[in-house]
Amino acid sequence: MTMSNLLAFRDTELSKKLVERLIPSLEKEREKLGRKLRFMEVCGTHTVAISKTGVRDILSPYVDLISGPGCPVCVTDQADIDHMIAFAKRQDVIVTTFGDMMKVPGSSSTLYEERANGADVRVVYAPSESVDIALRHPDKKIVFLGVGFETTAPGIALSMQRAKKLGVTNFWVYSAHKLTPPAVDILLQDSSYQFDGLLLPGNVSVIVGRRGWERLEKENIPAVIGGFEPVDLLSSISLLVEELNKEKRYVVNNYERVVKEDGNRKARELLAEVFSVQTGTWRGIGDLPNSGLVLSEAYRTFDAREHIEVEKPATKRIKGCLCGEIIKGKMRPFDCKLFAGICTPENPIGPCMVSGEGTCSTYYKYERGKVVAHG
């Protein structure tokens with residue numbers, strides 16, 4: 001996509017016109033329902049975009065835009081965080097990780113604190129850097145912390161393919177990858193929710209395609225795959241309202257410039273070669289069948305869980321932290337007594353305040369101090 005094409009989706013005048021057209025339909029739906037509409041975005045990048053662009057603020061009298069389990073760092077289970085930090089305590093291990101894991105609180109410390117205490121913890125920008133580190137340090141065990149959804153996992157799979165091809169024997173991956181659709185399924189099965197529609201992640205959809213969400217059509221809930229620019233967001237919300245009034249709904253692809261019907265077949269084949277789908281454990285949700293990616297038999301030699309023993313501390317629940325409920329969209333950062341008081345980006349108590357895609361860090365950065373009315 002050219003820059004001029006991208007700028008068209010940031011066009012201020014077009015955004016204003018979309019808002020002018022959207023508000024009357026939202027008012028009508030609010031009057032019909034006797035409450036505000038409730039749409040959930042299932043992507044941390046959407047949460048950031050909705051806050052940053054002011055879309056949440058502009059539409060707040062008519063619709064609650066609720067953040068779901070869309071931040072990979074936030075949904076990583078506390079026991080996994082503890083296991084990851086335990087690797088850093090071994091003197092023969094170099095832990096490599098993306099930067100947003102550094103300050104995530106474990107039960108007794110963080111990677112950042114372990115590094116300050118002398119552990120060798122290195123931030124990388126691509127998984128392949130970890131393979132390079134392994135080649136430069138043959139006397140060390142390199143453990144890469146694999147956290148992410150369908151969008152991140154292919155890059156980590158490629159790093160293992162490369163390590164295998166080069167015959168690297170001191171590189172391992174701790175896979176805590178998760179698949180998004182099963183989490184959406186479980187939220188829809190919870191009768192305590194009252195969603196009127198879903199804004200589906202454009203980035204995950206690049207991999208799974210529109211077809212990857214087709215099973216939502218059995219639920220007959222409005223669902224739109226959306227991009228991340230203001231025009232994308234507003235037009236997607238408008239499409240959700242249109243779907244509300246249809247008797248039979250189907251998953252709408254409003255991000256066709258990037259998302260194809262069948263997604264990225266090569267990426268899915270790569271994932272199927274390197275990973276196996278198993279039950280995944282999600283913070284706040286628990287065990288979800290067919291939602292986690294572990295290493296396949298062909299790549300089991302790279303599994304850090306199996307090949308590097310560690311002493312893990314007893315996992316403790318973080319007292320007072322509501323990340324588990326915020327991840328499920330049942331509470332907002334404003335509902336947490338720790339938010340913006342004890343818990344800040346400088347002193348995060350839970351992962352939702354750490355990650356750049358976390359709901360709490362997003363609200364802290366863009367919406368702190370606001371009182372969002374509840375419908």
Side-chain angles (χ1 to χ4, degrees), residues 38-47 64-84 100-101 104-107 145-153 174-195 197-201 203-204 208 212-213 215-216 219 221 223 275-294 315-333 335-336 338 348-355 357-363:
R38 291 168 58 84
F39 293 146
M40 172 178 273
E41 79 269 5
V42 195
C43 177
T45 309
H46 269 146
T47 300
D64 279 332
L65 296 169
I66 304 160
S67 305
C71 164
V73 171
C74 306
V75 302
T76 301
D77 188 61
Q78 190 70 25
D80 283 321
I81 299 295
D82 288 337
H83 201 150
M84 293 173 181
D100 52 3
M101 288 295 293
V104 176
S107 295
L145 307 182
V147 172
F149 296 128
E150 292 88 341
T151 47
T152 309
Y174 186 97
S175 178
H177 296 98
K178 293 181 172 55
L179 302 175
T180 314
V184 175
D185 291 345
I186 202 72
L187 296 184
L188 291 176
Q189 291 166 20
D190 186 338
S191 60
S192 63
Y193 283 101
Q194 197 174 35
F195 296 145
L198 291 164
L199 177 57
L200 299 173
N203 43 15
V204 168
V208 304
W213 300 101
R215 56 185 171 181
L216 291 178
E219 304 291 335
I221 186 168
F275 294 103
S276 294
V277 177
Q278 289 193 2
T279 294
T281 304
W282 297 57
R283 184 186 295 268
I285 297 175
D287 291 344
L288 281 184
N290 302 317
S291 73
L293 293 178
V294 298
T315 294
K316 302 173 188 172
R317 182 180 170 82
I318 304 172
K319 192 175 181 181
C321 176
L322 296 183
C323 277
E325 297 304 301
I326 290 169
I327 286 164
K328 292 184 290 187
K330 291 195 171 183
M331 289 190 176
R332 297 181 180 221
D335 298 320
C336 181
L338 307 183
I349 304 300
C352 295
M353 186 58 90
V354 179
S355 172
E357 293 185 345
T359 305
C360 294
S361 66
T362 300
Y363 274 59

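Note that the structure is predicted; figures quoted are calculated from it, not measured.
Formation of a donor-acceptor pair under 3.5 Å by the R283 side chain with backbone atoms of T76 is found in this model. Side-chain N or O atoms of Q78 include none that pairs as donor or acceptor with a backbone N or O of T315 at under 3.5 Å. With S361 contributing its side chain and S355 its backbone, the two residues share a donor-acceptor pair below 3.5 Å.
Nearest heavy-atom pair across K178 and T281 is CE-O, 3.0 Å. Between P351 and C74, the shortest heavy-atom distance links the atoms O-SG, 3.7 Å. For A176 against V147, the heavy-atom pair with the smallest separation is CB-CG2, 4.3 Å. Here the shortest heavy-atom pairing between V184 and W213 reads CG2-CZ3, 4.0 Å. Considering every non-hydrogen atom in both P182 and R215, the closest pair reads N-NH2, 3.5 Å. Minimum interatomic distance between W282 and L179 (heavy atoms only, all atoms of both residues): CZ2-O, 3.3 Å.
Between the NZ atom in K328 and the CD1 atom in I186 there is a gap of 10.5 Å [rounded to 0.5 Å]. One finds the CG atom of L199 at 12.0 Å from the CD1 atom of I66 (value rounded to the nearest 0.5 Å). How far OG1 of T362 is from CD of E357: 8.0 Å, rounded to the nearest 0.5 Å. With rounding to the nearest 0.5 Å, the separation of CG in L338 from CG in L322 is 7.0 Å. Once rounded to the nearest 0.5 Å, the distance linking CG of N290 with CD of Q278 reads 9.5 Å. The distance from the CG atom of D185 to the CD atom of E219 is 7.0 Å, given to the nearest 0.5 Å.
A salt bridge links K330 to D190: one of the charged nitrogens lies within less than 4.0 Å of a carboxylate oxygen.
In this structure the side chain of L187 reaches within 4.5 angstrom of the side chain of P69, judged on heavy atoms. Using a 4.5 Å cut-off on side-chain heavy atoms (C-beta onward), E150 and P181 make contact. The shortest side-chain heavy-atom distance between R332 and T359 does not fall under the 4.5 Å cut-off. Between C360 and I326, some side-chain heavy-atom pair lies under the 4.5 Å cut-off.
Applying side chain to side chain contact (heavy atoms under 4.5 Å, CB included) to F149 and the options L293, V208, V75 leaves one that passes, V75.
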Checklist entry - Passes side chain to side chain donor-acceptor pair (under 3.5 Å), E41 versus S67? Steps please. => result CA-CA 5 Å; E41 79 269 5; S67 305; 2.7 Å; yes
Checklist entry - What's the verdict on side chain to side chain donor-acceptor pair (under 3.5 Å) for D82 and S107, showing C-alpha distance, side-chain angles and the deciding distance? => result CA-CA 6 Å; D82 288 337; S107 295; 2.7 Å; yes
Checklist entry - Given the rule in the side chain to side chain contact (heavy atoms under 4.5 Å, CB included) test, do V294 and S175 qualify, once you have shown the distances and angles that lead to the verdict? => result CA-CA 6 Å; V294 298; S175 178; 5.7 Å; no
